[in-house]
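Taking it in order: structure first as structure tokens, then the write-up.
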Amino acid sequence: EVAILPMGATEAHNWHLPYGTDSYQNEAIAAEAGRLAWEAGAKVAVLPNIPFGVQTGQLDIPFCINMNPSTQLQLLDDVISSLVGVGVPKFCILNGHGGNDFRQMLRELQAKYPQIFLSVISWYQAHSGKGIIEILGDHADERETSLILHLHPELVLPPSEWGKGEDNPWRLKAMREKWAWAQRAWTQATNDTGSGDPSLSTPEKGNAYFKAITERVSDYWVELAQIDPAALYDGKH
């Protein structure tokens with residue numbers, strides 16, 4: 001009923017987290033949310049995680065591996081074409097990296113493949129961490145550090161090695177007010193590649209946050225599996 005494609009990244013996450021943080025999180029969230037959805041009766045298939053994302057603002061950081069949006073579009077076209085060929089009716093990207101933006105790609109691909117319903121979710125938007133996480137950031141912060149402490153504690157350096165995750169704000173007023181946008185030059189915008197204070201991170205918070213995320217994501221997949229793609233909207237027709 002639904003094919004799930006997790007798409008992460010390979011990039012620096014402060015001094016203390018592994019470069020594969022986005023992929024480790026994505027794989028675990030996809031597997032657990034998929035398990036919950038399957039046990040609720042939804043026929044979902046979780047595909048292997050794609051470990052590379054858009055890193056065009058981090059090309060000066062060693063081993064940040066960039067996959068251009070145009071490459072992502074071609075990859076998605078190939079995957080979706082394969083699914084269409086065997087009659088899979090719905091497809092969902094599980095995005096785990098803030099630098100990825102699949103909406104315009106899905107606009108183009110939905111027009112090309114009308115026989116399959118395409119959607120994308122970003123797990124960090126499904127649940128912000130509010131009520132669990134005390135200091136909200138957006139990269140290698142308390143959320144991500146707590147998750148990796150829960151999922152892969154052996155890959156996290158000791159707290160003495162953690163950077164502060166302090167951002168350097170834009171000098172441009174419109175950028176600071178967030179009504180203008182430009183790609184961040186990561187080594188100028190951050191001091192340790194982190195964006196958000198990780199100091200209060202714990203595996204217990206990671207466990208609670210992981211549970212909250214996977215339950216929310218699985219709920220969407222159950223609903224998606226059940227719905228008729230020809231009847232997605234309420235109202236008179």
Side-chain angles (χ1 to χ4, degrees), residues 4-39 44 46-53 55 58 61-65 93-100 121-167 186-187 190-219 221:
I4 310 299
L5 180 64
M7 296 190 71
T10 299
E11 62 175 353
H13 273 73
N14 202 310
W15 308 129
H16 61 286
L17 295 181
Y19 269 57
T21 289
D22 289 344
S23 293
Y24 285 122
Q25 291 170 157
N26 240 20
E27 288 171 342
I29 291 166
E32 177 62 8
R35 182 188 70 82
L36 292 172
W38 187 272
E39 290 184 352
V44 299
V46 177
L47 304 174
N49 177 76
I50 305 300
F52 305 123
Q55 310 295 147
Q58 304 182 38
I61 301 174
F63 299 109
C64 286
I65 308 300
I93 300 169
L94 177 66
N95 179 37
H97 171 55
N100 293 333
I121 56 175
S122 297
W123 65 257
Y124 46 86
Q125 293 175 339
H127 194 298
S128 69
K130 187 176 181 180
I132 301 170
I133 302 301
E134 296 177 67
I135 305 174
L136 297 176
D138 70 358
H139 184 72
D141 57 341
E142 185 180 327
R143 294 191 301 172
E144 291 199 300
T145 301
S146 293
L147 278 173
I148 298 299
L149 282 170
H150 166 59
L151 296 170
H152 293 283
E154 74 282 1
L155 299 180
V156 182
L157 293 179
S160 60
E161 302 291 327
W162 299 4
K164 294 181 180 180
E166 294 175 342
D167 293 300
W186 211 250
T187 51
T190 68
N191 301 298
D192 47 31
T193 75
S195 178
D197 182 358
S199 62
L200 299 181
S201 305
T202 67
E204 292 76 20
K205 289 178 181 177
N207 181 38
Y209 188 34
F210 182 73
K211 187 173 186 292
I213 296 163
T214 53
E215 288 177 353
R216 193 86 187 272
V217 170
S218 70
D219 285 347
W221 289 345

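Since this is a predicted model, take the numbers as computed values, not measurements.
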Does one side chain, of E215 or H127, offer a donor that lies under 3.5 Å from an acceptor on the other?
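No, no side-chain donor-acceptor pair sits under 3.5 Å.
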For the residue pair N26 / H97, report whether a side-chain donor-acceptor contact shorter than 3.5 Å exists.
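Judged by distance alone, the side chains do not pair up.
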Would the distance check show the side chain of [X] and the main-chain N or O of [Y] forming a donor-acceptor pair, the cut-off being under 3.5 Å?
X	Y	value
T190	T187	no
T10	G20	no
D141	E144	yes

Nearest atoms (heavy-atom pairs only) where [X] meets [Y]:
X	Y	answer
N14	G163	OD1-N, 2.9 Å
T145	A140	OG1-O, 3.5 Å
V46	G34	CG2-CA, 4.3 Å
G206	L147	O-CD2, 3.6 Å
F210	A28	CZ-O, 3.5 Å
E11	C64	CA-SG, 3.7 Å

Check the orientation of H13 and H139. Use parallel for under 30°, tilted for 30 to 60°, and perpendicular for over 60°.
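Rings of H13 and H139: tilted, as their planes differ by 30° to 60°.
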Ring-plane angle category for Y209 and W123, please: parallel below 30°, perpendicular beyond 60°, tilted otherwise.
perpendicular
Side chain to side chain donor-acceptor pair (under 3.5 Å) contacts touching residues 157-167 (sequence neighbours left out)
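Of all non-adjacent pairs touching residues 157-167, those that pass side chain to side chain donor-acceptor pair (under 3.5 Å) are D167-S195.
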Which residues pass the salt bridge (Lys or Arg N to Asp or Glu O under 4.0 Å) test with [X], sequence neighbours left out?
X	answer
D138	R184
E134	K205
E32	R35
E204	none

Test side chain to side chain contact (heavy atoms under 4.5 Å, CB included) applied to L136 - qualifying residues, sequence neighbours left out
I133, R143
Between atom CD1 of I50 and atom CG of D22, what is the distance when rounded to the nearest 0.5 Å?
14.0 Å
What I'd like to find out is whether the side chain of [X] reaches to under 4.5 Å of the side chain of [Y], using heavy atoms alone.
X	Y	value
L94	I121	yes
Q25	I148	yes
Y124	I29	no

